[in-house]
Amino acid sequence: RPQEQHEPFGPYPGFGRFARYAQYSGAIPQISLVMGTVSGATCYAAALSDVVFMVKGTSHMFMGDPAEVKQQTGDEVSEEELGGARLHATISGVADVLAENDADCMRKCKDLLSYLPSNSWELPPVVDTGDDPNRRDDTLADVLPPSRLRAYSMYNVITRIVDNGQFFEIKAGWAKNLITCLARLNGRTVGILANNPMVLAGAMTPDSSDKGSRFIRLCDAYNIPVINLMDTPAYLVGTKMEYAGIIRHGSKMLYAHSEVTVP
(Lines give C-alpha, C1' and ligand atoms only; values in the text may rest on other atoms or scores of the structure.)
Protein backbone atom coordinates (compact mmCIF):
# COMPACT_ATOMS: atom_id res chain seq x y z
CA ARG A 1 0.00 0.00 0.00
CA PRO A 2 1.30 3.48 -0.84
CA GLN A 3 0.72 4.64 2.76
CA GLU A 4 3.14 1.94 3.94
CA GLN A 5 5.94 2.78 1.54
CA HIS A 6 8.21 3.85 4.36
CA GLU A 7 8.38 0.25 5.57
CA PRO A 8 10.58 -1.20 2.78
CA PHE A 9 13.23 1.42 3.61
CA GLY A 10 13.56 0.47 7.28
CA PRO A 11 14.71 -0.69 9.72
CA TYR A 12 17.56 -2.05 7.61
CA PRO A 13 20.49 0.20 6.62
CA GLY A 14 21.15 1.47 3.11
CA PHE A 15 18.09 1.03 0.91
CA GLY A 16 16.28 -0.93 3.57
CA ARG A 17 14.57 -4.17 2.69
CA PHE A 18 15.58 -3.71 -0.94
CA ALA A 19 19.14 -4.36 0.17
CA ARG A 20 18.00 -7.76 1.46
CA TYR A 21 16.52 -8.64 -1.93
CA ALA A 22 19.86 -7.84 -3.52
CA GLN A 23 21.84 -9.79 -0.92
CA TYR A 24 19.64 -12.87 -1.31
CA SER A 25 19.62 -12.64 -5.12
CA GLY A 26 21.07 -15.80 -6.58
CA ALA A 27 21.30 -17.40 -3.14
CA ILE A 28 17.65 -18.32 -2.58
CA PRO A 29 14.83 -18.26 -5.12
CA GLN A 30 12.75 -15.11 -4.69
CA ILE A 31 9.28 -15.27 -6.20
CA SER A 32 6.61 -12.56 -6.14
CA LEU A 33 2.92 -13.30 -6.55
CA VAL A 34 1.11 -10.05 -7.34
CA MET A 35 -2.56 -10.77 -6.65
CA GLY A 36 -3.83 -7.24 -6.22
CA THR A 37 -2.63 -3.69 -6.77
CA VAL A 38 0.93 -2.60 -5.97
CA SER A 39 1.85 1.07 -6.28
CA GLY A 40 4.95 3.18 -5.80
CA ALA A 41 8.33 2.04 -4.56
CA THR A 42 6.96 -1.29 -3.34
CA CYS A 43 6.80 -2.36 -6.99
CA TYR A 44 10.51 -2.98 -6.70
CA ALA A 45 9.88 -5.76 -4.21
CA ALA A 46 8.51 -7.65 -7.22
CA ALA A 47 11.00 -6.29 -9.73
CA LEU A 48 13.93 -7.53 -7.64
CA SER A 49 12.51 -11.07 -7.55
CA ASP A 50 13.63 -13.94 -9.75
CA VAL A 51 10.12 -14.62 -11.08
CA VAL A 52 7.01 -12.41 -10.99
CA PHE A 53 3.47 -13.82 -11.25
CA MET A 54 0.46 -11.64 -12.06
CA VAL A 55 -3.25 -12.39 -12.37
CA LYS A 56 -5.33 -11.32 -15.36
CA GLY A 57 -7.78 -8.55 -14.56
CA THR A 58 -6.98 -8.19 -10.85
CA SER A 59 -3.21 -7.59 -10.69
CA HIS A 60 -1.80 -4.10 -11.21
CA MET A 61 1.64 -2.56 -10.74
CA PHE A 62 2.61 1.06 -11.34
CA MET A 63 4.90 3.68 -9.84
CA GLY A 64 2.03 6.15 -9.65
CA ASP A 65 -1.69 5.31 -9.66
CA PRO A 66 -4.14 6.81 -12.19
CA ALA A 67 -5.00 9.73 -9.87
CA GLU A 68 -1.34 10.63 -9.45
CA VAL A 69 -0.70 10.28 -13.17
CA LYS A 70 -3.59 12.61 -13.98
CA GLN A 71 -2.37 15.14 -11.42
CA GLN A 72 1.21 15.17 -12.68
CA THR A 73 0.83 14.62 -16.43
CA GLY A 74 -2.82 15.29 -17.20
CA ASP A 75 -3.25 11.82 -18.75
CA GLU A 76 -6.35 9.86 -17.88
CA VAL A 77 -5.77 6.09 -17.78
CA SER A 78 -7.33 3.16 -16.00
CA GLU A 79 -5.44 0.85 -13.66
CA GLU A 80 -5.51 -1.86 -16.32
CA GLU A 81 -4.11 0.45 -19.01
CA LEU A 82 -1.44 1.81 -16.71
CA GLY A 83 -0.16 -1.37 -15.10
CA GLY A 84 -2.37 -4.37 -15.78
CA ALA A 85 -1.11 -7.95 -15.84
CA ARG A 86 -1.38 -8.28 -19.62
CA LEU A 87 0.57 -5.06 -20.15
CA HIS A 88 3.43 -6.21 -17.94
CA ALA A 89 3.40 -9.70 -19.47
CA THR A 90 3.49 -8.53 -23.09
CA ILE A 91 4.84 -4.96 -23.30
CA SER A 92 6.97 -4.00 -20.30
CA GLY A 93 8.30 -7.49 -19.57
CA VAL A 94 7.94 -7.03 -15.81
CA ALA A 95 5.66 -10.05 -15.36
CA ASP A 96 7.11 -13.51 -16.01
CA VAL A 97 4.00 -15.67 -15.63
CA LEU A 98 0.36 -14.78 -16.25
CA ALA A 99 -2.35 -16.57 -14.25
CA GLU A 100 -6.11 -16.81 -14.83
CA ASN A 101 -7.03 -16.29 -11.16
CA ASP A 102 -5.51 -16.47 -7.67
CA ALA A 103 -5.88 -20.25 -7.43
CA ASP A 104 -4.20 -20.70 -10.81
CA CYS A 105 -1.44 -18.34 -9.67
CA MET A 106 -0.74 -20.51 -6.61
CA ARG A 107 -0.82 -23.68 -8.70
CA LYS A 108 1.64 -22.31 -11.23
CA CYS A 109 3.94 -21.10 -8.46
CA LYS A 110 4.01 -24.62 -6.98
CA ASP A 111 4.82 -25.98 -10.44
CA LEU A 112 7.73 -23.56 -10.75
CA LEU A 113 9.06 -24.49 -7.31
CA SER A 114 9.19 -28.15 -8.35
CA TYR A 115 11.96 -27.24 -10.81
CA LEU A 116 14.09 -25.21 -8.38
CA PRO A 117 16.36 -26.06 -5.45
CA SER A 118 15.79 -24.40 -2.07
CA ASN A 119 19.05 -22.48 -2.41
CA SER A 120 22.12 -22.10 -4.60
CA TRP A 121 24.10 -24.71 -2.61
CA GLU A 122 21.71 -27.49 -3.62
CA LEU A 123 20.97 -29.22 -6.90
CA PRO A 124 17.44 -29.02 -8.31
CA PRO A 125 15.15 -31.90 -7.30
CA VAL A 126 15.17 -35.06 -9.42
CA VAL A 127 11.70 -36.29 -10.43
CA ASP A 128 10.73 -39.71 -11.73
CA THR A 129 8.85 -38.64 -14.85
CA GLY A 130 8.51 -42.14 -16.28
CA ASP A 131 9.92 -40.91 -19.60
CA ASP A 132 12.58 -43.27 -20.94
CA PRO A 133 15.78 -41.22 -21.44
CA ASN A 134 16.76 -43.55 -24.29
CA ARG A 135 13.59 -43.07 -26.31
CA ARG A 136 13.81 -41.77 -29.87
CA ASP A 137 11.33 -39.43 -31.49
CA ASP A 138 11.59 -39.93 -35.21
CA THR A 139 8.97 -37.20 -35.82
CA LEU A 140 11.67 -34.62 -35.03
CA ALA A 141 12.86 -35.06 -38.59
CA ASP A 142 9.48 -33.82 -39.83
CA VAL A 143 9.41 -30.59 -37.79
CA LEU A 144 11.79 -28.63 -40.00
CA PRO A 145 10.17 -27.55 -43.28
CA PRO A 146 11.94 -28.46 -46.55
CA SER A 147 12.44 -24.77 -47.41
CA ARG A 148 14.62 -22.47 -45.33
CA LEU A 149 12.20 -19.66 -46.16
CA ARG A 150 9.35 -21.29 -44.23
CA ALA A 151 8.90 -20.82 -40.49
CA TYR A 152 8.11 -23.58 -38.01
CA SER A 153 7.20 -23.82 -34.34
CA MET A 154 10.15 -24.34 -32.02
CA TYR A 155 7.63 -25.49 -29.40
CA ASN A 156 7.19 -28.63 -31.50
CA VAL A 157 10.89 -29.31 -31.04
CA ILE A 158 10.89 -28.65 -27.30
CA THR A 159 7.90 -30.87 -26.54
CA ARG A 160 9.50 -33.79 -28.41
CA ILE A 161 12.81 -33.49 -26.57
CA VAL A 162 11.84 -32.92 -22.91
CA ASP A 163 10.31 -35.42 -20.49
CA ASN A 164 6.64 -36.05 -21.27
CA GLY A 165 6.57 -32.90 -23.41
CA GLN A 166 6.13 -30.74 -20.30
CA PHE A 167 7.90 -27.45 -19.62
CA PHE A 168 7.43 -24.26 -17.60
CA GLU A 169 7.75 -21.16 -19.76
CA ILE A 170 8.96 -17.85 -18.38
CA LYS A 171 8.05 -14.54 -20.07
CA ALA A 172 5.96 -16.36 -22.66
CA GLY A 173 4.21 -13.18 -23.84
CA TRP A 174 7.21 -10.87 -24.02
CA ALA A 175 9.99 -10.92 -26.64
CA LYS A 176 8.39 -13.95 -28.27
CA ASN A 177 11.26 -14.32 -30.71
CA LEU A 178 13.11 -16.11 -27.89
CA ILE A 179 11.61 -18.92 -25.82
CA THR A 180 12.87 -19.41 -22.25
CA CYS A 181 11.59 -22.33 -20.21
CA LEU A 182 12.42 -24.88 -17.54
CA ALA A 183 11.96 -28.54 -18.36
CA ARG A 184 13.31 -31.98 -17.40
CA LEU A 185 15.59 -34.49 -19.05
CA ASN A 186 15.69 -37.89 -17.33
CA GLY A 187 13.93 -36.19 -14.40
CA ARG A 188 16.57 -33.49 -13.99
CA THR A 189 15.84 -29.78 -14.39
CA VAL A 190 17.29 -28.00 -17.43
CA GLY A 191 16.85 -24.48 -18.76
CA ILE A 192 16.11 -24.07 -22.45
CA LEU A 193 16.75 -21.01 -24.62
CA ALA A 194 15.27 -21.43 -28.07
CA ASN A 195 14.96 -19.03 -30.97
CA ASN A 196 11.40 -18.87 -32.26
CA PRO A 197 11.32 -18.80 -36.08
CA MET A 198 7.62 -17.86 -35.98
CA VAL A 199 8.48 -14.37 -34.65
CA LEU A 200 10.97 -12.15 -36.50
CA ALA A 201 12.47 -15.36 -37.92
CA GLY A 202 14.03 -15.91 -34.50
CA ALA A 203 16.30 -12.87 -34.78
CA MET A 204 17.66 -11.35 -31.57
CA THR A 205 16.42 -7.94 -30.39
CA PRO A 206 17.15 -5.75 -27.35
CA ASP A 207 14.18 -7.22 -25.47
CA SER A 208 15.01 -10.85 -26.26
CA SER A 209 18.63 -10.19 -25.26
CA ASP A 210 17.45 -8.92 -21.87
CA LYS A 211 15.10 -11.88 -21.56
CA GLY A 212 17.76 -14.44 -22.46
CA SER A 213 20.57 -13.02 -20.33
CA ARG A 214 18.35 -12.81 -17.24
CA PHE A 215 17.22 -16.41 -17.75
CA ILE A 216 20.78 -17.67 -18.16
CA ARG A 217 21.76 -16.03 -14.88
CA LEU A 218 18.73 -17.56 -13.16
CA CYS A 219 19.80 -21.02 -14.33
CA ASP A 220 23.43 -20.39 -13.41
CA ALA A 221 22.51 -19.28 -9.89
CA TYR A 222 20.50 -22.42 -9.14
CA ASN A 223 22.71 -25.06 -10.78
CA ILE A 224 20.48 -25.64 -13.78
CA PRO A 225 22.24 -26.71 -17.02
CA VAL A 226 21.43 -24.55 -20.05
CA ILE A 227 20.41 -25.94 -23.43
CA ASN A 228 20.41 -23.76 -26.56
CA LEU A 229 18.14 -24.62 -29.49
CA MET A 230 19.45 -22.24 -32.09
CA ASP A 231 17.94 -21.18 -35.40
CA THR A 232 18.55 -17.47 -35.82
CA PRO A 233 19.85 -14.96 -38.37
CA ALA A 234 21.63 -13.36 -35.37
CA TYR A 235 20.88 -9.80 -34.27
CA LEU A 236 18.19 -7.80 -36.03
CA VAL A 237 19.57 -4.76 -37.86
CA GLY A 238 18.20 -1.37 -38.88
CA THR A 239 17.62 2.09 -37.44
CA LYS A 240 14.86 0.91 -35.10
CA MET A 241 17.18 -1.61 -33.50
CA GLU A 242 20.11 0.80 -33.26
CA TYR A 243 17.91 3.44 -31.62
CA ALA A 244 16.71 0.80 -29.14
CA GLY A 245 20.30 -0.03 -28.19
CA ILE A 246 20.84 -3.40 -29.84
CA ILE A 247 24.60 -3.13 -29.25
CA ARG A 248 24.22 -2.38 -25.55
CA HIS A 249 21.47 -4.92 -24.89
CA GLY A 250 22.87 -7.56 -27.23
CA SER A 251 26.13 -7.60 -25.31
CA LYS A 252 24.22 -8.81 -22.23
CA MET A 253 23.61 -12.16 -23.93
CA LEU A 254 27.27 -12.51 -24.82
CA TYR A 255 28.28 -11.66 -21.26
CA ALA A 256 25.77 -14.08 -19.70
CA HIS A 257 26.90 -16.95 -21.93
CA SER A 258 30.56 -16.19 -21.22
CA GLU A 259 30.31 -16.09 -17.44
CA VAL A 260 27.97 -19.06 -16.97
CA THR A 261 29.37 -21.87 -14.78
CA VAL A 262 26.80 -24.62 -15.35
CA PRO A 263 27.05 -27.03 -18.31
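Numbering of residues begins at 1 and proceeds along the displayed sequence. Values reported hereafter were calculated over all heavy atoms of this structure, with side chains retained and with hydrogens, waters and symmetry mates removed.
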Can you check whether Met204 reaches Asn195 side chain to side chain, under 4.5 Å on heavy atoms?
yes
Spacing of Cys109 atom SG and Asp104 atom CG [to the nearest 0.5 Å]
11.5 Å
Are Leu218 and Tyr21 in one and the same hydrophobic cluster, where Ile, Leu, Val, Met, Phe, Trp and Tyr link if side-chain heavy atoms are under 4.5 Å apart?
no
Would you say the side chain of Met106 lies within less than 4.5 Å of the side chain of Leu33, judging by non-hydrogen atoms?
yes
Is it the case that one hydrophobic cluster holds both Val55 and Leu113, taking links as side-chain heavy atoms less than 4.5 Å apart, direct or via other members?
yes
Looking at CG of Leu123 and CG of Asn223, how far apart are the two atoms once the value is rounded to the nearest 0.5 Å?
5.5 Å
Carboxylate-amine/guanidinium proximity below 4.0 Å for Asp111 and Arg107
no
Starting from Val162, can I reach Val127 by hopping between I/L/V/M/F/W/Y residues whose side chains sit under 4.5 Å apart?
no
Who passes side-chain contact (heavy atoms from CB on, under 4.5 Å) against Val199, sequence neighbours left out?
Lys176, Asn177, Asn196
Looking at CG of Asp96 and CZ of Phe215, how far apart are the two atoms once the value is rounded to the nearest 0.5 Å?
10.5 Å
Main-chain N/O of Ala67 paired to Asp65 side chain as donor or acceptor, under 3.5 Å
yes
Is there a side-chain contact between His257 and Ile216 in this structure, where contact means two heavy atoms from C-beta onward sitting under 4.5 Å apart?
yes
Check whether any side-chain heavy atom of Leu236 lies under 4.5 Å from a side-chain heavy atom of Ile246, and answer yes or no.
no
Check the surroundings of atom OH in Tyr235: do more than 12 heavy atoms from other residues, nucleotides or ligands lie under 6.0 Å from it?
yes
If you measure from SG on Cys43 to CE on Met61, what distance do you get to the nearest 0.5 Å?
6.0 Å
Can you check whether Met198 reaches Met154 side chain to side chain, under 4.5 Å on heavy atoms?
no
Is there a side-chain contact between Ile227 and Ile161 in this structure, where contact means two heavy atoms from C-beta onward sitting under 4.5 Å apart?
no
Between Ser78 (side chain only) and Glu81 (backbone N and O only), is there a donor and an acceptor less than 3.5 Å apart?
yes
Please report, to 0.1 Å, the donor-acceptor pairs under 3.5 Å made by any side chain of residues 182-192, with sequence neighbours excluded.
unit_1 : atom_1 : unit_2 : atom_2 : d
Arg184 : NH2    : Ser114 : O      : 3.1
Arg184 : NH2    : Ser114 : OG     : 3.1
Thr189 : OG1    : Tyr115 : O      : 3.0

Do other residues, nucleotides or ligands put more than 12 heavy atoms under 6.0 Å from the CZ atom of Arg136?
no
Are there over 12 heavy-atom neighbours, none belonging to Asp132, within less than 6.0 Å of that residue's CG?
yes
Ignoring hydrogens and angles, tell me if any N or O in the side chain of Asn119 forms a donor-acceptor pair with the backbone of Ile28 under 3.5 Å.
no
Carboxylate-amine/guanidinium contact Glu259 Arg217, below 4.0 Å:
yes
Flag yes if Phe53 and Tyr222 sit in one hydrophobic cluster, no otherwise; membership is Ile, Leu, Val, Met, Phe, Trp, Tyr, and two members link when side-chain heavy atoms are under 4.5 Å apart.
yes
Who passes side-chain contact (heavy atoms from CB on, under 4.5 Å) against Thr73, sequence neighbours left out?
Val69, Asp75
d(Phe18 CZ, Leu48 CG) to nearest 0.5 Å is 7.0 Å
Answer yes or no: is there a side-chain heavy-atom contact under 4.5 Å between Leu82 and His60?
no
Between Asp131 and Gln166, is there a side-chain heavy-atom distance shorter than 4.5 Å?
no
Distance in Å, Thr58 OG1 paired with Glu100 CD, rounded so as to fall on 0.5 Å steps:
10.5 Å
Take a 6.0 Å sphere around CG of Leu144 and say whether it holds more than 12 heavy atoms from other residues, nucleotides or ligands.
yes
Do Val51 and Leu116 share a hydrophobic cluster (ILVMFWY, side-chain heavy atoms under 4.5 Å, transitive)?
yes
